[in-house]
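Just below is one structure, and these are the notes that go with it.
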Amino acid sequence: MIVYQADKDAFLRDCNDKEIEEIILASYKAATNTKVSSSEVASWRESLRYVARALNHPSIPGDIGVAVEFILPQSRKRIDVVLTGHAADGSPHVIIIELKQWSSIKQSNRDAMIELRPGDLRVHPSYQAWSYSAFLEGFNEAVHKGMLQVHPCAYLHNYVSDGVIDSPHYKPYIQRAPLFLKGAGDLEGLRAFISQYTSKGNGIPVLAKLDSAPIRPSKALADELCGLLSGNSAFTLLDEQKHVFEAAKAACAQAHADRKPRVVIIEGGPGTGKSVVAVNLLAAVREGLNVKYVSKNAAPREVYKSALSKSKVNDRLHHFFGGSGAYVNTPENEFDLLIVDEAHRLTEQGGFYGNEGKNQIMELINAALCSVFFIDEDQRVTLKDIGTKEAIRDFAIARGATVEEYALSSQFRCAGSDGYLAWLDDALQIRPTANPTLDQISYDFQVFDDPSALHAAIESKNAVNRARVVAGYCWPWNSKKDSKEMDIVIGNYRRQWNLDKDGSLWIVSADSIDQVGCIHTCQGLEVDYIGVIIGPDLIMENGALKTVPRARDRRDKTMKGFVKLSQSHPSHAAELADTIIKNTYRTLMTRGMKGCYVYATDPQVAAYFRARLQHAAAVEQAVELEA
């Protein structure tokens, strides 16, 4: 999506005759329906006049395309400026410009990182520009197929060359994305760089092609795992992902060097790239160190192992992946690094009977010189889940470990929409947010009145085996004993739960589209489209969502202990169950990269979600209720 676009001549007029920042601000609000900070408006005012100054030269045709705030597909990341045109040979080109107003920085010894202020680490602007071009190559069909050639660069118009920002340490990325600084020489260099790829102008059609090109099928982490562990990353780490990755790598190196334990806590919501960073970290440090990727969830581990088994070369890498219950008797500092993904799912005891060990968080921290926990507390989905930042922090301090905490905030799932996640939290009444409706949010969310229609819609999206139907565990698993029995029966809709033959590989099995999965088959994984059947454990009562723990199937292990707890501490049990049920549906409803389709057994729940889609629908619903 492009917030502002024009040809060069129109852009220069907007800069010279109008307040360009006000034009961008109005366009941004109209395109995204979100607010912008005053500092960002000031940055537009300051930086865009330098861009105009660079473009105001006869070597650059007046009909090149100029785009400001190009929003990357499947993301909320924005490219500052995109220029488009044709080179002397007639070939179409795209130039990415990353703008910074910095005037000084300190060098960091971490790869591609700079220190803007004490303790404030950022990615180098050349890395940032290059990473955005790599991201476009992965997601934009026209760029991926070579129909458009992309050339990234960075322009720091206030920065005088000092041998720091342009030091040899950053040379690998400056070579990929040239760095232009303050000064006449650099200004001429930037103009020459632009002219080289746009000398024949006619940039608006190129800009239109870039913006309208189909989005390539999303990459599944499991499909790219072999390449990742072989050093060929298909997922370029962007901004805070790169920051967090380098911080975790540095913590591991420091712990290994001084033999003092370190614990890193990385918090991030669904789709922020926790698992991508985790696997990149494994790939970066696995040579020469004793390291393991740990996950309480069996599904991600088995899907990753299955992906590795497709290559005889990588099949030997199975041993890097393991469960969280294997560290009960592990000697202290046995491992250099433990990478703990889905840390919110950790429990006190493990083992087949759930009676081994004392506390998995404590055991993991004790077993490694460095442990990195990736966590989203809103994805705790069983009564036994104890993974919280506070618990990790307490056990780390008790061991005398240095604790570092970071956050991943940018959304790369749910069409890159933070607004969808905020809306979902508000709609599920997990927490109030400023997103009461889905207005202006480009995520395919639909409510169905018939589960058969929902399943058919998801089947139609399964062309590349990337669509699934899941449900809350409110129906008995009859087919486990009799393969001819049906499990989820709602009127004429009759389907089975995920079959035992697929085990933890259900989400990647081709036959899975015929079945219905549960939380354990998909947590930590993603598809393009997810269909969610909301069972009778979530109903409407007096205009509010109400959770009904006893509507869960009696064999649902996620609620094991609820009856006993409700007898001794009824209020606490009800509060805990409410959290678990809502977190479960939140997790299920955030598995889809492109869309989520919902059916609810309670018609009032369906009506409630439908009314929350748009403001007009919500008003109409309110009028009907009043009548």
Side-chain angles (χ1 to χ4, degrees), residues 267 269-271 344 376-383 385 388 411 413-414 417-441 443 445-449 470-474 519 523 530-552 556 558-559 562 565-566 569-592 596-626:
E267 182 181 25
H344 38 269
D376 176 8
E377 293 180 3
D378 289 332
Q379 288 195 55
R380 290 178 294 147
V381 296
T382 83
L383 293 181
D385 292 352
T388 65
Q411 171 60 232
R413 196 184 291 159
C414 304
S417 175
D418 293 322
Y420 172 70
L421 294 183
W423 171 84
L424 189 58
D425 283 344
D426 195 277
L428 287 172
Q429 297 172 9
I430 292 174
R431 64 178 61 83
T433 71
N435 295 73
T437 72
L438 272 180
D439 277 335
Q440 305 297 320
I441 295 174
Y443 183 63
F445 185 91
Q446 299 182 36
V447 182
F448 288 74
D449 291 325
V470 294
Y473 195 14
C474 300
I519 186 67
Q523 189 170 23
I530 196 75
V532 180
I533 297 175
I534 299 175
D537 57 344
L538 189 63
I539 64 172
M540 289 296 293
E541 189 175 278
N542 298 323
L545 285 178
K546 179 184 177 182
T547 54
V548 186
R550 294 179 188 273
R552 289 284 186 99
D556 177 17
T558 65
M559 300 299 291
F562 170 74
L565 184 62
S566 62
H569 300 85
S571 297
H572 178 60
E575 182 180 349
L576 200 56
D578 185 76
T579 297
I580 295 306
I581 292 172
K582 288 180 177 179
N583 280 358
T584 297
Y585 284 117
R586 179 184 187 268
T587 302
L588 294 178
M589 293 166 74
T590 54
R591 297 305 93 194
C596 174
Y597 298 166
V598 169
Y599 165 81
T601 56
D602 181 353
Q604 292 188 62
V605 172
Y608 167 75
F609 275 107
R610 189 173 285 113
R612 295 295 300 267
L613 296 182
Q614 294 181 331
H615 178 67
V619 172
E620 182 181 335
Q621 178 79 2
V623 171
E624 290 177 358
L625 290 175
E626 288 177 5

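Computed from a prediction, not measured in an experiment: that's the story for all the values here.
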Please find out if less than 6.0 Å separates the ring center of Trp423 from that of Tyr443.
no

Can you give me the closest heavy-atom contact between Cys474 and Gly535, atom names plus distance?
SG-CA, 4.0 Å

Drop me the distance from Leu424's CG to Lys582's NZ, to the nearest 0.5 angstrom.
11.5 Å

Within a strict 4.5 Å, meaning less than it, do heavy atoms of the Phe445 and Leu438 side chains meet?
yes

Okay, side chain of Gln523, backbone of Gln379: is any donor-acceptor separation there less than 3.5 Å?
yes

Non-hydrogen atoms of Asn435 and Ala422 that approach each other most closely:
OD1-CB, 3.4 Å

Test of understanding: with side chain to side chain contact (heavy atoms under 4.5 Å, CB included), list the residues that count as partners of Asp425, not counting sequence neighbours.
Ile430, Arg431, Thr433, Arg586

Distance-only, no hydrogens or angles: does the Arg552 side chain make a donor-acceptor pair with backbone N or O of Pro549 under 3.5 Å?
no

Grab the two heavy atoms, one from Ala606 and one from Ala600, that are nearest each other, plus how far apart they are.
N-CB, 3.9 Å

Can you name the closest pair of heavy atoms from Pro603 and Thr601 and give their distance?
CD-O, 3.3 Å

Does Arg591 reach the side chain of Val532, with side-chain heavy atoms less than 4.5 Å apart?
no

CD (Glu541) and CG (Asp602) are apart, to the nearest 0.5 Å, by 10.0 Å

Say whether, by atom type as modelled, one donor and one acceptor occur between the side chain of Tyr608 and the main chain of Ile539 under 3.5 angstrom.
no

Reported OG1-to-CG distance for the pair Thr382 and Leu576, which is rounded to 0.5 angstrom:
9.0 Å

Can you find a pair of side-chain heavy atoms, one from Leu545 and one from Leu538, that are under 4.5 Å apart?
yes

Heavy atoms, side chains only, cut-off 4.5 Å: are Ile534 and Leu588 in contact?
no

If you take all heavy atoms of Arg550 and Ser566, which pair is closest and at what distance?
NH2-OG, 3.8 Å

Quick check: does any side chain N or O of His344 sit under 3.5 Å from a backbone N or O of Asp376, one acting as donor and the other as acceptor?
yes

CD (Glu575) with more than 12 external heavy atoms under 6.0 Å
no

If every non-hydrogen atom of Asn583 is compared with every non-hydrogen atom of Arg380, which pair is closest and at what distance?
ND2-O, 3.1 Å

Tyr585 and Asp537: side-chain donor and acceptor closer than 3.5 Å?
yes

Using side chain to side chain contact (heavy atoms under 4.5 Å, CB included) as the criterion, list what pairs up with Ile580, not counting sequence neighbours.
Leu383, Met559, Thr584

Rounded to the nearest 0.5 angstrom, the CG-CZ distance for Leu613 and Phe609 is 9.5 Å

Quick one: are Tyr599 and Val605 in side-chain contact, heavy atoms under 4.5 Å?
no

Of the options Ile581, Thr587, Thr579, which is the one that meets Val381 in a side chain to side chain contact (heavy atoms under 4.5 Å, CB included)?
Thr587

